[in-house]
Amino acid sequence: SKQEHRLVTLKYQGDSRNGDSLSAFLTAVDSPYALDPGGLTKEESSRDRRAASPINRAFDAGEEVRQLRTGIALTRPAGSGEIRLRGQAIGRDFENKLPFSATELDRGVGTVSLELEQQGDRGNAFWRWVAGFDLALQRDRRKRFLNDLGSVGAETADQRETVKTAGAFFDLNLQAAANLTLQAGVRADWLEFELDDEFPDDGDDSGQTTFSQLSPGAGGSFRLREGLDLFGRVGTAFEPPTTTELADPSGRGGFNQSVDPQRALGLEAGVRWQLAGGGQGELAGFYTKVEDQLVPIPIEGQPGRFFFVNAASSRYRGVEVSTDQPLGDAFNTALSFSWGDYRFDDFTDPDGNRFDNNRIPRIPRYQRFASLDHQPSEKRSTLLSARWTGKRYADNANDAKADSYVVVGIHASYLTRLAGSQVNFYGGIDNVFDEEYDDNLRINAAGGRFFEPAPERSFFLGVSITGRPAR
């Protein structure tokens, strides 16, 4: 694997005397090449973790990206709260080559959102509500070609995709008593996907599909005593498919009209605590029921390309605990642990294979994290961290799995001022003990090529400069 990546970011933040706050940013990305080594089989990964898939090498698989992203946010006092206006625009040119196929994508995105927040009290009750809406428009020009052993060949698809979204929400927080806080909210979403097929050789695959959903939620917290709170929440979620997840199973152009959004109902409850010495922590249990979960299936004869289907239902349940504890004036520790049981309840793939009660790929059952932060002054800091991740399955059948692993890292930074600007020098070592593990899994990949080995021990250095323009 090899890549070249250049990133430039400019930010502005300014406040006026009347309370207005204005911020803006501009980010430019230029990645002229990023080679794609592809997934390895278990045997190939064990033999040579630096290897690339032979088929990816033969077809010169990789991608190049150019992107420009800019945004602006304005906050202004309004009544007993404030009003927030945000806007963003993205332009993206993307080209990639996979075995047997190549893609060119030109994307333009525009978004705008408006929020109004108000707060006050009545008697002994304090309230705060936020209401708003957001609009987005995405236009893509997508072309696909044959990949003739690394050279872009004949065109196989040409389509224009338009995605329009609109959403509105309302959220209310009410401190009904000194030890009781209640919350309730609702969000409405509407999305329209439209495709214009401009490649007539294989028929007209133009089409349109629309999704909409109302998602309510509510929760609350109860203070048992100072520094000890119980909390709980019930909520719904709505996740529509992306244009990529709407890809037609045949590998031709057009949308897959059989794909539905995935919807979830989740419950969470737990306890939070704060200690006199500054320590804090949280213990929570959760249960989420997902209907129509989106699952990738490889497109036959086109390695690296997938279409998506809906699993009838799946469930996520588990426990999470985290703590944060200062040790004197200069040290701080953080610990976290999670255990989960994530399974398909009812799922039959297009080939008739049943995966009821199988574990959902990619998600480990156990995860642990520990860190020790040493900050003797505002200028200097050193962080030692360790992350333990349990085994993960790589396919729906649970026949292939990636082993558990532990990764240790050391990061350090030094902050100073030069010529009126704040300068941060930073560096570190990732994967200190050179652990061999799989960073990414290609779920359900054809030919058993599920595994993407993680980088070996690596070193990095960097500098960031923050300053204000002269007035």
Side-chain angles (χ1 to χ4, degrees), residues 1-3 5 33-63 96-101 147 150 244-245 247 293-309 311 314 338 340 342-344 347 349 351 353 355 358-369 386-409 430-458:
S1 178
K2 184 179 181 181
Q3 69 172 349
H5 185 85
Y33 66 88
L35 302 182
D36 178 9
L40 302 179
T41 65
K42 197 71 171 178
E43 293 74 17
E44 290 171 338
S45 176
S46 299
R47 187 168 57 248
D48 182 4
R49 299 183 62 80
R50 293 190 174 190
S53 166
I55 193 170
N56 279 48
R57 292 175 63 92
F59 285 89
D60 192 26
E63 64 183 39
N96 84 335
K97 287 187 288 187
L98 296 171
F100 303 107
S101 69
N147 182 347
T244 299
E245 291 168 339
Q293 177 162 332
L294 292 164
V295 180
I297 304 293
I299 296 178
E300 186 175 354
Q302 299 190 35
R305 291 196 61 203
F306 294 83
F307 71 97
F308 285 75
V309 299
S314 55
S338 66
Y342 315 104
R343 295 179 182 270
F344 296 118
F347 176 32
D349 73 6
D351 294 327
N353 301 307
F355 303 113
N358 280 17
R359 299 195 186 279
I360 297 173
R362 185 178 281 123
I363 309 175
R365 294 191 71 188
Y366 303 95
Q367 292 189 85
R368 302 169 186 161
F369 176 82
R387 174 170 51 94
W388 182 88
T389 301
K391 68 179 181 182
R392 296 161 294 160
Y393 288 105
D395 62 342
N396 296 334
N398 293 175
D399 291 330
K401 66 181 179 182
D403 296 330
S404 61
Y405 62 90
V406 180
V407 175
V408 176
D430 287 329
N431 196 5
V432 172
F433 298 108
D434 209 14
E435 177 85 344
E436 294 186 351
Y437 68 100
D438 297 298
D439 186 36
N440 184 51
L441 299 179
R442 300 197 175 200
I443 304 304
N444 298 320
R449 297 189 171 279
F450 308 114
F451 307 100
E452 292 188 16
E456 302 168 344
R457 182 189 300 112
S458 59

Exercise. Please name the pair of heavy atoms, one in Phe307 and one in Pro298, separated by the smallest distance, quoted to 0.1 Å.
Key: CE2-O, 3.8 Å

Self-check item: Test salt bridge (charged side-chain N to carboxylate O under 4.0 Å, His left out) applied to Glu245 - qualifying residues, sequence neighbours left out
Solution: none

Quiz item: Considering all heavy atoms of both residues, which atom of Asp60 and which atom of Gly150 are nearest to each other, and what is their separation?
Solution: CB-CA, 3.8 Å

Exercise. For the residue pair Tyr405 and Arg387, establish whether any side-chain heavy-atom pair is separated by less than 4.5 Å.
Key: yes

Quiz item: Do Arg50 and Glu456 meet the salt-bridge criterion of a basic N to acidic O distance under 4.0 Å?
Solution: yes

Practice problem: With rounding to the nearest 0.5 Å, note down the distance linking CG in Leu35 to CD in Glu63. | Solution: 10.0 Å

Practice problem: Quick one: do Tyr342 and Arg365 satisfy side chain to side chain donor-acceptor pair (under 3.5 Å)? Show the steps, please. | Solution: CA-CA 8 Å; Tyr342 315 104; Arg365 294 191 71 188; over 6 Å; no

Self-check item: Under 3.5 Å: donor-acceptor pair, side chain of Asn431, backbone of Pro455
Solution: yes

Quiz item: Counting only N and O atoms by type, is there a donor-acceptor contact under 3.5 Å from the side chain of Asp434 to the main-chain atoms of Arg457?
Solution: yes

Quiz item: Is there a donor-acceptor contact under 3.5 Å from the side chain of Arg392 to the main chain of Asp438?
Solution: yes

Exercise. State the CH2-CD distance between Trp388 and Gln367, to the nearest 0.5 angstrom.
Key: 9.0 Å

Quiz item: CZ/Phe450 to OG1/Thr41 distance, rounded to the nearest 0.5 angstrom?
Solution: 10.0 Å

Quiz item: Mind checking whether Val406 and Phe433 have side chains closer than 4.5 Å, heavy atoms only?
Solution: no

Exercise. Check Val408 against Ala386 and note the closest heavy-atom contact, atom names and distance.
Key: CG2-CB, 4.1 Å

Exercise. Assess whether atom CZ of Arg49 is packed by more than 12 heavy atoms of other residues, nucleotides or ligands within 6.0 Å.
Key: yes

Quiz item: Looking only at atom types and distance, does a side-chain atom of Asn147 sit under 3.5 Å from a main-chain N or O of Lys97, one as donor and one as acceptor?
Solution: no

Quiz item: Can you name the nearest heavy-atom pair linking Lys391 to Tyr393, along with the distance?
Solution: NZ-OH, 3.8 Å

Quiz item: Can you list the residues that meet the salt bridge (charged side-chain N to carboxylate O under 4.0 Å, His left out) rule with Arg47, with sequence neighbours excluded?
Solution: none

Exercise. Starting from the C-alpha separation in whole Å, work towards a yes-or-no answer on side chain to side chain contact (heavy atoms under 4.5 Å, CB included) for Phe306 and Ile443.
Key: CA-CA 10 Å; Phe306 294 83; Ile443 304 304; over 6 Å; no

Exercise. Please name the pair of heavy atoms, one in Asn56 and one in Pro99, separated by the smallest distance, quoted to 0.1 Å.
Key: OD1-CG, 3.6 Å

Quiz prompt | Sole residue of Asn358, Asn353, Val295, Ile360 in side chain to side chain contact (heavy atoms under 4.5 Å, CB included) with Asn396 | solution = Val295

Exercise. Could you tell me how the ring of Phe100 sits relative to the ring of Phe59: parallel (under 30°), tilted (30 to 60°) or perpendicular (over 60°)?
Key: tilted

Quiz item: How long is the gap from OG on Ser101 to CG on Asn96, to the nearest 0.5 Å?
Solution: 7.0 Å

Exercise. Give, for atom OG1 of Thr244 and atom CZ of Phe308, the distance between the pair rounded to the nearest 0.5 Å.
Key: 7.5 Å

Quiz item: Nearest heavy-atom pair of Ser53 and Gly39: which atoms, and what distance?
Solution: CB-O, 3.7 Å

Exercise. Could you grab the distance from atom CD1 of Ile363 to atom CZ of Arg343, nearest 0.5 Å is fine?
Key: 12.0 Å

Quiz item: Are any non-hydrogen side-chain atoms of Leu40 and Pro453 less than 4.5 angstrom apart?
Solution: yes

Quiz prompt | Sidechain-backbone polar pair: Arg362 side chain, Leu441 backbone, donor-acceptor under 3.5 Å | solution = yes

Quiz item: Quick one: is the NZ or CZ of Lys42 closer than 6.0 Å to the six-membered ring centre of Phe451, and within 45° of its axis?
Solution: yes

Quiz prompt | Residues that Asp439 engages under salt bridge (charged side-chain N to carboxylate O under 4.0 Å, His left out), provided they are two or more places apart | solution = none

